[in-house]
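Some notes on the structure that comes next.
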Amino acid sequence: MLELTFLREHRDETEARLAKRNIDAKGLIEHAIELDGVRRSTQTELDGTQAELNALSRSVGELMKGGKKEEAEAAKAKSAALKDGIARLKERLEASEKSLQDHLVTIPNAPNAKVPPGSTPEENTVVMQEGAIPELGPNAKPHWELGEEYGFLHMDLGVKLTGAGFPVYSGQGARLQRALIAFFLDKATEAGYREIIPPHMVNAASAFATGQLPDKEGQMYHATVDDLYLIPTAEVPITNLYRDEIIDADKLPIKNVGYTPCFRREAGSYGAHVRGLNRVHQFDKVEIVRVEKPENSYAALEEMVEHVKGLLRALELPYRQLLLCGGDMGFSSAMTYDMEVFSAAQQRWLEVSSISNFETFQTNRLKLRYRGEDKKPRLAHTLNGSALALARIVAALIENNQGPDGIRIPKALQPYTGFTLITK
RNA sequence: GGAGAGGUGGCAGAGCGGUCGAAUGCGGCGGUCUUGAAAACCGCUUUGCUCGCAAGGGCAACGGGGGUUCGAAUCCCUCCCUCUCCGCCA
């Protein structure tokens with residue numbers, strides 16, 4: 001959620017930044033300012049009336065003590081009218097706060113100045129590309145065929161147990177998952193991230209604070225009996241660790257990493273391009289999450305990108321870095337890089353990481369602040385990125401490394417898998 | 001799941017209908033003293049909203065919500081959470 005005071009004081013800037021998303025920025029902001037005006041005038045009026053009543057109540061106490069019974073009764077009678085007014089004003093204030101809130105929640109984050117305008121993935125910028133794209137020849141198979149052939153991935157069993165999009169890994173496939181998770185966690189720990197094992201379900205307040213609610217309600221699995229949500233990413237619980245906190249400036253930056261399974265309903269996305277592991281309802285992901293001072297957050301973003309690049313290089317995967325255009329960015333993000341690996345058998349790029357700076361968009365909802373040099377609490381910046389998301393990494397890894405003898409495991413991963421080749 | 005106890009400031013812990021945003025202690029910050037440090041002493045030490053150019057005001061918050069009252073941290077209702085005991089259980 002955008003900061004109201006910032007929006008008020010930097011109206012033109014916010015409008016210009018927001019316009020990159022190809023939405024009616026002017027209209028959205030105008031309406032917000034208007035609703036805020038109503039809220040503020042109501043607040044002022046209510047405060048004044050409440051002050052009057054407070055003074056009156058105090059005088060009643062003093063009159064009683066002084067034995068002036070009649071005067072006290074007169075004051076009591078006077079307070080009735082004030083109370084009426086206060087009740088009405090409170091209602092009005094609540095209503096105006098609610099309409100303001102309801103409106104603010106519909107405004108996406110304002111993109112950073114560097115973000116290219118645009119509305120489709122075609123308008124994203126390719127920042128860089130690295131790694132040789134393997135020539136597999138005509139007999140190359142997509143990962144879902146390889147998985148079946150080698151017997152380590154079973155989409156059909158997942159259907160039996162749960163439904164489409166819930167893969168079952170077995171044998172070397174299961175071990176490969178575990179190896180990747182351990183490898184990613186170790187690399188993040190080396191880079192100074194603290195490992196977190198969070199709950200895999202969160203309450204509505206947490207889902208709201210990181211922006212899953214109300215914006216992406218339909219994307220999450222909802223356990224209605226207890227009103228809990230299955231996390232779509234570790235970002236949700238890990239970022240919410242700091243909800244309602246004021247952190248001393250010298251404690252920043254905070255760098256956390258967590259592995260969790262991720263659950264996404266992905267309602268309405270079916271077809272050939274989502275076969276196999278390309279898009280599933282449950283996948284494993286190692287996520288890095290940072291809390292930063294505003295002046296450092298963009299340097300942190302680049303640092304996170306470098307970290308992810310290191311992982312992709314170690315896995316010997318051809319990859320590229322995309323700077324998302326305004327219209328393709330997530331609702332809460334101010335700037336997002338996507339990392340994609342090339343899946344040689346499918347001849348397409350697969351998104352395996354999304355690294356974003358949310359600036360104060362999340363912390364405003366989280367009420368996550370830090371105390372700077374001036375001792376005043378200010379909203380911190382939050383960032384997060386996948387490092388990395390497993391299912392598609394596995395897809396690309398096994399497709400790109402298929403050969404006549406089996407599927408080759410990259411060197412960096414071999415200490416973790418305990419084998420160098422996936423065989424039949 | 002059953003029974004009981006309790007939720008107050010960074011922490012500990014008072015307050016149990018009025019002047020209590022809240023005693024006191026600890027911690028933290030600033031100062032005095034000291035060659036320096038410690039001790040001692042003095043002062044300061046929550047957050048949000050709002051009015052104001054500012055100085056400085058006002059309002060709200062004692063787990064959440066509602067109620068009683070001229071007035072609630074204090075009384076009542078309700079929800080949530082924590083702890084103890086019992087039951088169940090990886």
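Chain naming here is simple, since letters A, B, ... match the order of the sequence lines and numbering starts at 1 in each.
- B/U8 and B/G13 are spaced 9 Å apart, taking the C1' atom of each and rounding to whole Å.
- Separating the P atom of B/C86 from that of B/G28 is a span of 41 Å, rounded to the nearest Å.
- The side chain of A/N203 places no N or O atom within less than 4.0 Å of a non-bridging phosphate oxygen (OP1 or OP2) of B/C80.
- Here, B/G10 and B/G63 have their P atoms 13 Å apart, quoted to the whole Å.
- Ring orientation note: the planes of A/Y221 and A/H281 are nearly perpendicular, at an angle over 60° on the 30°/60° scale.
- On the C1' atoms, B/G4 is 27 Å away from B/A90, given to the nearest whole Å.
- The partner of B/A73 is absent, by the rule that a Watson-Crick or G-U pair needs both atom distances under 3.5 Å.
- Taking atom CZ on A/R39 and atom C1' on B/C51, their separation rounds to 13 Å, with Å as the unit.
- Across A/R275, A/E148, A/Q402, A/E399, a single residue satisfies side-chain hydrogen bond (donor to acceptor under 3.5 Å, both in side chains) together with A/H143, and that is A/E399.
- Under the Watson-Crick or G-U wobble criterion, with both distances below 3.5 Å, B/C59 is paired with B/G48.
- Look at B/U24: its Watson-Crick or wobble partner, with both distances under 3.5 angstrom, is B/A12.
- Both A/D36 and A/G61 lie close to RNA chain B; mapped to their nearest nucleotides by heavy-atom distance, the more 5′-ward contact belongs to A/G61.
- Contact annotation: A/N54 does not reach the phosphate of B/G58 (side-chain N/O to OP1 or OP2, under 4.0 Å).
- In terms of modelled atom types and a separation under 3.5 Å, the side chain of A/N124 and the main chain of A/P121 share a donor-acceptor contact.
- To the nearest angstrom, P of B/C51 lies 17 Å from CD of A/Q50.
- In this structure, A/I246 reaches the sugar-phosphate backbone alone: every heavy-atom distance under 4.0 Å involves primed, P, OP1 or OP2 atoms, never a base.
- Within the structure, every side-chain polar atom (N or O) of A/R371 is placed at least 4.0 Å from both OP1 and OP2 of B/G28.
- Summarising the geometry, the separation between NZ on A/K375 and C1' on B/C44 is reported as 13 Å, rounded to the nearest angstrom.
- Look at the P atom in both B/C44 and B/C51: the space between them is 30 Å, to the nearest Å.
- In this structure, B/C29 and B/G43 make a Watson-Crick or G-U wobble pair, each of the two defining distances being under 3.5 angstrom.
- A donor-acceptor pair is defined here as one N or O able to donate and one able to accept, closer than 3.5 Å; no such pair exists between the side chain of A/Q43 and the backbone of A/L93.
- Aromatic ring orientation, A/F152 versus A/Y150: tilted (interplanar angle from 30° to 60°).
- Using a 4.5 Å heavy-atom threshold, the side chains of A/N400 and A/R408 count as separate.
- One atom, CD of A/E45, and another, P of B/A60, lie 16 Å apart when rounded to the nearest Å.
- Of all nucleotides present, none satisfies the Watson-Crick or G-U wobble test against B/G17 with each distance under 3.5 Å.
- A/S343 contributes no side-chain N or O that, together with a main-chain N or O of A/A396, makes up a donor-acceptor pair within less than 3.5 Å.
- Figure legend. B/A90 is base-paired to no nucleotide; pairs are counted as Watson-Crick or G-U wobble with both atom distances under 3.5 Å.
- When the C1' atom is used for both B/G64 and B/C80, the distance is 7 Å, rounded to whole Å.
- Comparing A/P377 and A/A77 along RNA chain B, the residue whose closest nucleotide (by nearest heavy atom) sits nearer the 5' end is A/P377.
- Between the C1' atoms of B/C62 and B/U74, the separation comes to 10 Å (whole Å).
- Within 4.0 Å (heavy atoms only), A/R8 reaches sugar-phosphate atoms of the nucleic acid but no base atom.
- Rounding to whole angstrom units, CG of residue A/D244 and P of B/U47 are separated by 14 Å.
- Annotation: B/G9 and B/U46 have their C1' atoms spaced 6 Å apart (nearest Å).
- Side chain of A/S41 to main chain of A/V38: a donor-acceptor pair is present (N/O by atom type, distance under 3.5 Å, no hydrogens or angles).
- The shortest distance between the side-chain N/O atoms of A/R40 and the OP1/OP2 oxygens of B/C51 is below 4.0 Å.
- In this structure, the CE atom of A/M64 is 11 Å from the C1' atom of B/U69, given to the nearest Å.
- Using a 4.0 Å cut-off between charged side-chain N and carboxylate O, A/E73 and A/K69 make no salt bridge.
- For the segment residues 79-102 of chain A, the set of residues with a heavy atom within less than 4.0 Å of an atom of RNA chain B comprises A/S79, A/K83, in numerical order.
- The distance between atom CG of A/D227 and atom C1' of B/C81, rounded to the nearest whole Å, is 16 Å.
- One can place CG of A/L228 at 13 Å from C1' of B/C80, the figure rounded to the nearest angstrom.
- Checking B/G6 for Watson-Crick or G-U wobble geometry (two distances, each under 3.5 Å) identifies B/C81 as its partner.
- Side-chain proximity of A/A51 to B/G58, B/C70, B/C51: nearest is B/G58.
- Between the CE atom in A/M335 and the NZ atom in A/K114 there is a gap of 4.5 Å [rounded to 0.5 Å].
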